[in-house]
Amino acid sequence: MANSNYSEILTQPSIPVMVWKAALYIRLSREDGDKAESYSITSQREILKEYLKIHPDIELYDYYIDDGWSGTNFDRPGFTRMMEDIYNGKVNCVIVKDLSRFGRNYTDAGNYLDNVFVRYRVRFIALNNGLDTASGNMNAAMQCISVGVTNVINESLAATTSVNVRATLNVNRQQGKFIGSFPSYGFLKDPNDHHKLIIDEETAPIIRLIYEKFISGESIIGITKDLNEMGLPNPSMYKKIKGLNYKHPTGRSNDGLWHDSSVRRILQNQMYIGNMVQGRNTTMSYKIKQCRAIPKDDWIIVENTHEPIIDKNTFELAQSLFNKNIRKSPQKKDIDLFSGLVRCADCKRVMNKKTNTHSYGTYRYYRCVTSRKMKKSACSNHTIRIDRLEQTVLITIQKMIETAICIDELLEKINKSPKRKKESDHLKKNIETYLEEREKTQRIIADLYPDWKNNIITQEEYVFLKAELNDKLKTLDQKIEALKKSADEFAQGANGDNDFIAHFKKYGNINQLTRSLLIELVEEIFIHEGGDVEIVFKFKDAYQQALEYIELNKDIIDESNETLKKLA
């Protein structure tokens with residue numbers, strides 16, 4: 001009987017032994033980088049290998065490593081590859097050092113452990129947590145609770161870490177320290193202090209070339225074509241050539257060619273005048289890594305933190321061009337001499353350039369097209385030949401240069417006198433007026449809250465009015481600061497540092513107009529009906545300040561002085 005039973009047992013089909021093919025998952029985030037060595041990739045690998053040595057029932061299939069990846073999301077490359085092997089039946093066991101290495105997002109981690117791994121019969125082992133889903137030492141309910149609580153703690157730690165890291169980064173930004181991975185094109189990290197920037201002498205000349213071309217009248221598209229024709233790699237490709245692990249934020253492929261958007265960003269980036277500009281983008285949250293742009297008013301800008309590539313005057317000239325209505329011919333990459341500057345004196349619209357060809361020749365002219373595009377009563381006909389306009393503007397600028405030279409000579413004479421007067425009544429009155437307006441605005445803001453609480457105004461009206469008044473307060477502060485600066489300069493004595501004198505005097509005896517000269521000196525040119533030309537020059541305040549200073553000290557000036565006769 002016994003033999004018979006033994007024979008039956010031998011003939012029974014054998015129960016298959018489960019073969020555990022293990023994925024050893026290792027993760028280290030940037031936040032863990034400063035922690036003890038126990039968090040390192042090498043340390044985790046050695047701990048997991050030692051575990052396999054004492055568990056011969058588990059075979060190593062492969063290592064899956066995510067170095068520098070946060071645990072708050074699960075789109076990590078190593079994790080993704082491991083899951084593909086699980087779905088394909090190559091892996092049925094996952095081993096980690098602890099649950100925090102697996103992930104710090106409670107919801108997603110729980111879904112993998114409670115749903116995905118159960119469905120695919122994947123054994124999960126977290127060594128430091130004493131967790132093994134194939135162990136009978138822990139009932140299912142307690143195991144679920146333990147894992148859930150641990151994941152909640154891990155996610156809470158991730159959220160706290162995120163808040164602390166952001167706060168630290170913002171403090172560094174406000175101190176003018178560079179905290180980015182890659183500096184703006186044209187700069188390098190200082191090898192002695194990675195929070196400081198130094199000029200990259202290899203690419204800085206390209207930045208200067210871009211500004212020079214733009215101010216001299218070349219369009220952004222034209223500059224882009226020039227850079228590509230010169231065979232210069234674009235900023236992204238340049239970083240790769242230098243061995244930097246840089247990926248374009250949009251994820252687009254890089255052919256090394258320049259795009260007009262890159263040129264535009266360079267022309268509008270304050271980093272090139274020595275200002276540290278940071279905090280322009282942020283992630284949605286510590287879980288969602290998608291970037292979103294921050295409004296420009298909320299950027300963190302600290303002035304004069306590093307050596308500039310572009311001087312402030314050149315930068316401001318470039319910015320002024322973005323406010324002009326500039327057009328160019330499709331066949332040309334250069335912008336016309338007066339493009340964006342010539343306006344109708346009545347409707348204030350930019351005038352269009354036209355070309356007429358007759359039997360006696362071809363001539364070019366500007367004309368107002370408001371009446372043709374809108375209605376005849378909208379504006380009358382305003383035209384002027386371009387050759388006449390060029391001649392008029394050139395002669396006027398030549399006279400303004402002579403005026404600047406004469407004023408400079410007078411100021412020099414006044415400043416040498418110990419009797420000169422230093423206080424400007426005009427500036428003083430303006431400052432007092434703005435200070436009174438500021439005080440009045442503050443009183444109105446203070447009265448808004450009681451008005452809202454007493455139902456005199458609605459909450460929406462309160463919010464709107466407060467925002468409007470705060471904007472007004474900000475504008476007043478800027479005006480007061482500018483006037484006080486002018487008053488200080490006035491007290492020191494107007495001199496060659498005066499903007500009007502400095503900008504006009506440097507051109508000397510010009511005999512031809514250039515685009516860069518016009519952009520630097522001219523604000524707008526108005527064409528009146530009949531062809532009269534009105535030129536609005538820049539640096540009007542500096543000009544008036546110099547004249548006021550001369551008027552205030554006119555008793556010092558010798559009436560017989562030849563310089564005064566020239567000015568008259």
Side-chain angles (χ1 to χ4, degrees), residues 211-212 214-217 311-321 324 334-343 345 366 384-416 486 489-490 492-528 531-554 556-568:
Y211 275 83
E212 180 184 335
F214 187 60
I215 290 173
S216 66
D311 64 83
K312 291 185 179 180
N313 179 54
T314 300
F315 183 80
E316 288 169 2
L317 285 177
Q319 305 322 296
S320 69
L321 287 174
K324 303 292 183 184
D334 292 337
I335 296 170
D336 288 317
L337 189 65
F338 293 107
S339 182
L341 295 174
V342 182
R343 293 180 177 271
Y366 279 102
I384 187 170
R385 285 181 56 141
I386 292 179
D387 55 353
R388 178 175 173 269
L389 177 63
E390 288 181 1
Q391 185 180 16
T392 302
V393 173
L394 176 61
I395 292 172
T396 306
I397 289 179
Q398 287 171 337
K399 290 181 178 179
M400 292 298 289
I401 292 172
E402 291 177 5
T403 301
I405 294 171
C406 289
I407 289 177
D408 189 39
E409 292 175 3
L410 288 175
L411 294 180
E412 186 178 358
K413 183 177 182 66
I414 292 170
N415 289 332
K416 288 180 179 178
S486 296
E489 292 173 353
F490 199 96
Q492 296 299 320
N495 52 39
D497 292 334
N498 176 284
D499 282 341
F500 168 75
I501 297 172
H503 285 274
F504 278 87
K505 186 179 174 182
K506 76 177 186 180
Y507 282 101
N509 298 319
I510 62 165
N511 52 26
Q512 185 177 358
L513 296 177
T514 64
R515 176 71 179 175
S516 57
L517 178 147
L518 290 174
I519 293 302
E520 183 173 353
L521 303 182
V522 177
E523 187 69 43
E524 290 173 316
I525 300 172
F526 291 105
I527 306 302
H528 292 265
D532 289 341
V533 179
E534 175 190 351
I535 304 173
V536 180
F537 288 103
K538 294 181 179 179
F539 318 112
K540 295 188 292 292
D541 291 342
Y543 175 70
Q544 292 297 330
Q545 182 179 324
L547 291 184
E548 183 184 355
Y549 187 72
I550 292 171
E551 178 66 22
L552 188 67
N553 292 279
K554 63 182 179 181
I556 297 175
I557 302 172
D558 185 357
E559 294 295 336
S560 63
N561 191 294
E562 188 64 25
T563 304
L564 185 59
K565 291 181 179 180
K566 290 181 183 178
L567 184 62

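FYI, side chains are in, hydrogens and waters are out, and symmetry mates aren't considered; it's all heavy atoms of this structure.
Between Ile386 and Leu337 the shortest side-chain heavy-atom distance does not fall below 4.5 Å.
Between atom NZ of residue Lys413 and atom CD1 of residue Ile550 there is a gap of 12.5 Å, rounded to the nearest 0.5 Å. If you take OG1 on Thr392 and CG on Asp387, they are separated by 9.5 Å, rounding to the nearest 0.5 Å. Going from atom CG of Asp311 over to atom OH of Tyr211 covers 10.5 Å, rounded to the nearest 0.5 Å. Note that the CD atom of Glu534 and the CZ atom of Arg343 stand 13.0 Å from one another [nearest 0.5 Å]. Expressed to the nearest 0.5 Å, how far CG of Leu410 lies from CD1 of Ile405 amounts to 12.5 Å. Between the OG atom in Ser339 and the CG atom in Leu321 there is a gap of 9.5 Å [rounded to 0.5 Å].
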inquiry  = Using side-chain contact (heavy atoms from CB on, under 4.5 Å), reason through Leu513 and Phe338 one step at a time and then give a plain yes or no.
reply    = CA-CA 10 Å; Leu513 296 177; Phe338 293 107; 3.9 Å; yes

Gln544 vs Phe500, side-chain contact (heavy atoms from CB on, under 4.5 Å): CA-CA, chis, key distance, verdict = CA-CA 9 Å; Gln544 292 297 330; Phe500 168 75; over 6 Å; no

task = Dump the intermediate steps for side-chain contact (heavy atoms from CB on, under 4.5 Å) on Ile527 and Leu389, then the final yes or no.
result = CA-CA 9 Å; Ile527 306 302; Leu389 177 63; 4.1 Å; yes

request  = List the steps, then state whether side-chain contact (heavy atoms from CB on, under 4.5 Å) holds for Ile407 with Asn498.
outcome  = CA-CA 10 Å; Ile407 289 177; Asn498 176 284; over 6 Å; no

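Checked by atom type and distance alone, the side chain of Gln398 pairs as donor or acceptor with a backbone atom of Ile510 at under 3.5 Å. With hydrogens and angles ignored, the 3.5 Å screen pairs a side-chain donor or acceptor of Arg515 with a backbone N or O of Asp336. Between the side chain of Gln319 and the backbone N or O of Phe315 there is at least one donor-acceptor pair closer than 3.5 Å.
With respect to the salt-bridge test (charged N to carboxylate O, under 4.0 angstrom), the residues Glu316 and Lys538 do not qualify.
For Lys399, the NZ atom sits in a loose shell: 12 or fewer heavy atoms of surrounding residues, nucleotides or ligands are nearer than 6.0 Å. Open room surrounds CG on Asp541; 12 or fewer heavy atoms of other groups in view lie less than 6.0 Å from it.
Between Ser516 and Ser216, the shortest heavy-atom contact is CB-CA, 4.1 Å. The shortest non-hydrogen separation linking Ala546 to Leu411 is O-CD2, 4.2 Å. The two residues Glu520 and Phe539 have their closest heavy-atom pair at O-CE1, 3.4 Å. Taking every heavy atom of both residues into account, Ile384 and Arg388 meet most closely at CD1-NH1, 3.1 Å.
Between Phe504 and Phe537, the angle of the ring planes goes over 60°, which puts this pair in the perpendicular group of the 30/60° scheme.
The side chain to side chain contact (heavy atoms under 4.5 Å, CB included) with Leu521 is formed by just one residue from the set Ile535, Ile397, Ile401; it is Ile397.
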